[in-house]
Structure formats: structure tokens, C-alpha cells
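Comments concern the structure below.
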2 protein chains.
Amino acid sequence: MSSMDKNISPAVIKRLPRYYRYLGALKAKNITRISSKELSERMKVTASQIRQDLNNFGGFGQQGYGYNVENLYVEIGKILGLDKSNQMIIVGAGNLGQALANYQDFNNNSIGFQVIALFDVNPKLIGITVHGVEVHDIDDMEEFIKNHEIKIAALTLPQDQAPKIAKDLVSWGIKGFWNFAPVDLTLPDSVTVENVHLAESLMTLTYNIHSREDGEGAE
Amino acid sequence: MSSMDKNISPAVIKRLPRYYRYLGALKAKNITRISSKELSERMKVTASQIRQDLNNFGGFGQQGYGYNVENLYVEIGKILGLDKSNQMIIVGAGNLGQALANYQDFNNNSIGFQVIALFDVNPKLIGITVHGVEVHDIDDMEEFIKNHEIKIAALTLPQDQAPKIAKDLVSWGIKGFWNFAPVDLTLPDSVTVENVHLAESLMTLTYNIHSREDGEGAE
DNA sequence: TAGATTGTTAATCGATTAACAATC
DNA sequence: TAGATTGTTAATCGATTAACAATC
């Protein structure tokens with residue numbers, strides 16, 4: 001209802017955070033206005049694409065002027081849901097889970113994400129504190145989620161455990177998964193899964209490195 | 001020359017690791033053959049897409065039979081460059097760098113990736129060992145890369161340092177970057193960059209969570 | 001006002017899906 | 001051989017780019 005989503009394509013959505021990052025950088029440089037043309041040169045995309053993308057959400061610009069940096073930054077933030085509080089838990093307090101808990105890039109109030117608990121089965125980890133956040137017993141997770149009305153869970157646990165725990169988490173109210181386990185989660189349509197498949201990302205890198213080596217003398 | 005790359009689209013390349021993962025799982029279940037139709041049902045893509053994708057690289061199947069799982073697994077591994085040794089270094093031995101050094105998913109010989117050194121400026125980190133891999137002084141990086149003929153570097157360092165260090169690394173022989181810094185690296189065309197922008201991935205997650213909430217009653 | 005730049009429609013391009021002849 | 005399933009061409013669909021009238 002609020003944003004009368006006329007089914008925005010995933011390709012557009014994936015580009016929004018990058019616009020947001022560039023606008024943040026412009027803001028930090030005290031640049032107050034920018035045209036789609038100049039932004040397109042900085043970002044190495046077409047000005048057409050920028051205007052098309054933004055116009056999915058409303059007319060943020062002004063003819064003859066361009067876009068107000070501060071305003072556009074705020075608007076894209078709202079579109080992405082960064083104005084809401086986004087508390088999350090991390091399930092699996094191993095190296096990756098702890099790294100995410102420590103990660104300053106998003107884990108600060110200015111962007112609005114906040115890790116409020118880690119969970120693990122390992123008694124050696126339960127009770128320790130990572131970046132001021134406590135590792136809890138995974139058996140206490142249901143109650144914690146319900147008490148704190150958590151909607152987002154990062155999954156940084158072994159592949160074989162991820163599907164079952166994800167299913168439980170959905171029944172306890174989790175609406176979005178940030179999934180680092182190398183497995184595809186099959187969950188109801190009302191639930192969102194954002195995969196970060198690190199091993200797969202690394203494989204596309206090696207593909208590109210090797211294919212460039214081979215194609216050196218290409219036309 | 002070797003693979004006479006007829007310019008495979010990035011969309012196809014990004015799907016290959018997922019095929020590889022599914023074939024590995026089939027192999028582990030001792031399934032020896034699979035048709036594009038059955039694989040398409042498991043992976044929730046069209047059989048057409050699977051056949052089109054694979055045929056960019058050669059006729060791996062057999063009419064009336066389907067694909068041999070073991071063979072296809074090996075072939076896709078070769079396409080991705082997993083048969084070659086892929087030694088890499090991690091630049092930035094903070095939480096994320098250490099987590100990657102520890103990450104078992106790719107950091108084992110069976111897939112062919114191997115982290116052989118971490119680098120940092122922090123004297124407190126230099127000399128420690130993470131998952132059997134030593135953290136070196138970043139001043140020793142040039143010599144190390146040249147001695148070991150390293151081609152791949154993971155960048156897990158602060159955003160403001162990434163562009164300069166990436167430039168240096170290129171001059172020392174690095175061909176591919178696995179970039180975790182929230183910045184776009186501008187480098188020569190001969191160099192490959194695979195970005196893992198965690199904060200941006202998390203933002204698309206919140207977008208989807210919130211837009212589903214709003215659109216609940218949509219047709 | 002004249003100049004600049006948006007918002008938006010139309011044209012192009014590329015990727016996905018469907019269909020089917022080839023063939024194991 | 002008959003049945004199954006690929007490899008590949010053709011049709012469709014969606015996303016990107018170009019163009020330009022609207023308008024600040």
C-alpha cells in the first residue's frame with residue numbers, strides 16, 4: 001500500500017544500494033546537486049538507466065537542475081527501508097558470524113542495522129561477547145526472537161544445519177534471511193532470502209582470471 | 001586460445017558455480033546420471049536454460065541419456081578454473097580477513113583454493129597465525145607476491161585504503177581481486193574484480209522484507 | 001527568456017524460453 | 001527399433017539505451 005509497488009524488477013533493486021553509496025560519498029564532499037549525466041559518468045552507467053531506475057519510485061529530480069543530493073540520498077534510504085529499525089540476529093557464532101558482528105560498515109546506527117544477539121550450540125562460545133553483543137544458547141533463540149520481535153537473521157552456520165534452522169526461524173517470525181550457508185533455502189513466499197555464496201563468488205573470479213589469460217591474443 | 005571463448009555472457013558464468021554445487025551434491029548421493037529436466041526441477045530453473053548454458057562450452061550430454069554427473073562436475077570445474085592451483089593472499093587481517101582465512105568452504109584442497117598469507121599494518125596482528133596461515137607485515141607484500149607468483153588477492157581492508165593498495169598489487173602481478181571493501185575499484189581491463197558488497201546485499205534484503213509487508217494485500 | 005535536464009515513450013538489444021529435428 | 005533427451009534454432013520476453021517533448 002505505502003509504496004504502491006508496481007513490481008520493480010530485481011535488477012533495479014540491486015542497483016539502488018550502489019546509488020545510495022555514491023550519493024553518500026557526494027554528500028560527504030558537500031556536493032549538493034547532481035545531474036543524471038554527471039552521476040552516470042562517475043558510476044560508469046548510462047544516464048538513461050539512472051533516470052529510468054529512479055522514476056520507478058517517483059520524480060525525485062527537477063528539469064533543468066538535476067537531483068538534490070541530500071534529498072535523493074534520504075529518499076533512496078527510505079525505499080531501501082533504512083529509515084526503519086533493522087535489528088537482526090546472527091545464527092552461528094563461528095568466525096564468519098563474529099566477523100559480521102564486528103563489521104562496522106553496516107553495523108552502526110547511521111545506516112540502521114543493528115546486531116543484537118548471536119546464537120550458537122557451542123558451550124565454549126555461549127556467554128562470550130563480540131563487539132558488545134552476547135552469544136546466546138541456540139535453545140533460547142525462540143524466546144529471544146519473540147520477545148524482541150526480530151525480523152532478520154543472518155545464517156552463518158554449517159550447510160547441513162541451515163535448512164532445518166531456517167524453517168524453525170520462519171515459524172518464530174523471521175521474515176528475511178541473510179544466508180551465508182552454501183545451500184538454497186526453500187521457504188514460504190512471504191519470506192525473503194538474500195544469499196551470499198562466497199565460494200561461488202570466488203569461482204566466478206577464477207573463471208574470469210583464467211579466461212582472460214587464455215583470450216589474451218583475441219581479436 | 002584454449003577455450004576459444006566466444007564471449008560467454010556474465011549471466012551464464014554466474015550460474016555455473018551453482019550447477020557445480022548441485023552436481024557435487026548429486027555425486028555425494030551416488031547419482032551417476034541426470035537429465036536437464038530433472039536437474040531443472042531440483043534447481044528451479046528451466047531445462048532449456050541448463051542446456052543452453054552448458055552448450056556454450058560444449059556438448060557434455062548425450063541424447064536419450066542426459067548428462068553423466070561425475071563428468072559434468074569435472075568439466076564445469078575445469079571451466080571455472082578449479083583444476084588449476086589458485087593460491088591467494090588476504091590483504092587486511094581484521095575480523096573479516098581472518099574469517100575468510102578460516103572459512104572451510106573454499107579453503108581446502110578439494111576445490112583448489114588456498115590462502116597462503118595474510119597481510120596487515122597492525123603490529124599486534126603481524127606474526128600471529130590464523131588457521132595455520134601467518135599474518136605478514138604489509139611492507140613485505142611485494143616481495144611475497146613476486147616470490148610466490150600470486151595472482152589472487154582478497155581485499156578486506158578499510159574502504160579508503162583499498163584503491164591505492166589495489167593499484168600497487170596490480171603492479172606487482174595480481175590479476176584478480178576479491179573485493180570486500182565498499183568501493184568500486186578502477187583498474188586496467190586485464191584485471192578482474194569480483195565485488196562482495198555486504199552492506200549492499202543487506203540493503204536489498206531489507207528492501208524486499210519491507211516491500212512484502214506493504215504489498216501484503218496486493219493481487 | 002533561453003538553457004539545461006528531467007520524465008517518459010519508443011527503439012534496440014540481450015537473455016530466456018519454447019519447439020523440434022538430430023541422435024543416442 | 002522405439003523412446004528419451006540432447007543440441008540448436010526460432011519466438012518471446014524483459015531490460016537497457018536512445019530520443020525528445022515537457023518543464024523548471
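Sequence lines set the chain letters: A, B, ... in the order given, protein chains first and strands last, and positions in each chain run from 1.
- In this structure, the side chains of B:Glu200 and B:Asn195 stay at 4.5 Å or more apart for every pair of heavy atoms.
- Comparing atom distances between the B:Arg15 side chain and each of D:dT5, C:dT16, D:dT16 picks out C:dT16 as nearest.
- Side-chain proximity of A:Gln63 to the nucleotides D:dT16, D:dC24, D:dA18 is greatest for D:dC24.
- Distance CD (B:Glu38) to P (D:dT6): 11 Å, rounded to an integer number of Å.
- At the phosphate of C:dA4, neither OP1 nor OP2 sits under 4.0 Å from any side-chain N or O atom of A:Tyr67.
- Atoms CG (B:Asn68) and C1' (C:dC24) sit 15 Å apart, rounded to a whole Å.
- Regarding B:Gln49, its CD atom lies at a distance of 13 Å from the C1' atom of C:dG14, rounded to whole Å.
- A donor-acceptor pair shorter than 3.5 Å can be found between the side chains of A:His210 and B:Asn86.
- In this model, a side-chain donor or acceptor of A:Gln52 finds a partner on the base of C:dT9 within 3.5 Å.
- By the neighbour-count criterion of 12 heavy atoms within 6.0 Å, atom NZ of A:Lys37 is sparsely surrounded, having that number or fewer from other residues, nucleotides or ligands.
- For B:Lys37 and C:dA18, the NZ to P distance is 13 Å, given to the nearest whole Å.
- In a base pair of the Watson-Crick type (N1 to N3 plus N6-O4 or O6-N4) or a G-U wobble (N1-O2 and O6-N3), with each distance short of 3.5 Å, C:dT8 is matched with D:dA19.
- Rounding to whole angstrom units, CE of residue B:Met43 and P of C:dT17 are separated by 13 Å.
- Computed from coordinates, the A:Ile50 CD1 to C:dT5 P distance equals 13 Å when rounded to whole Å.
- For B:Arg33, the listed nucleotide lying nearest its side chain is D:dT5; candidates were C:dT6, D:dT5, C:dT16.
- Put simply, B:Ser36 has a side-chain N or O that comes within less than 4.0 Å of OP1 or OP2 on D:dT6.
- C:dC24 and D:dG3 make up a base pair, with Watson-Crick or G-U wobble contacts both under 3.5 Å.
- With hydrogens and angles ignored, no donor-acceptor pair under 3.5 angstrom links the side chain of A:Ser9 to the base of D:dA15.
- For B:Asn179 (side chain) and B:Val193 (main-chain N/O), no donor-acceptor pair under 3.5 Å exists by modelled atom type.
- When only modelled atom types and interatomic distance are considered, A:Thr204 and B:Glu194 share a side-chain donor-acceptor pair under 3.5 Å.
- In this structure, the CG atom of A:Asn7 is 15 Å from the C1' atom of D:dA15, given to the nearest Å.
- Nearest-nucleotide mapping onto DNA chain C: of B:Arg51 and A:Gly58, the residue sitting toward the 5' end is A:Gly58.
- In this structure, B:Thr46 reaches the sugar-phosphate backbone alone: every heavy-atom distance under 4.0 Å involves primed, P, OP1 or OP2 atoms, never a base.
- For a distance-only test at 3.5 Å, the side chain of A:Gln62 fails to qualify as a donor-acceptor partner of the base of C:dT5.
- B:Lys14 has its NZ atom 15 Å from the C1' atom of C:dT16, to the nearest Å.
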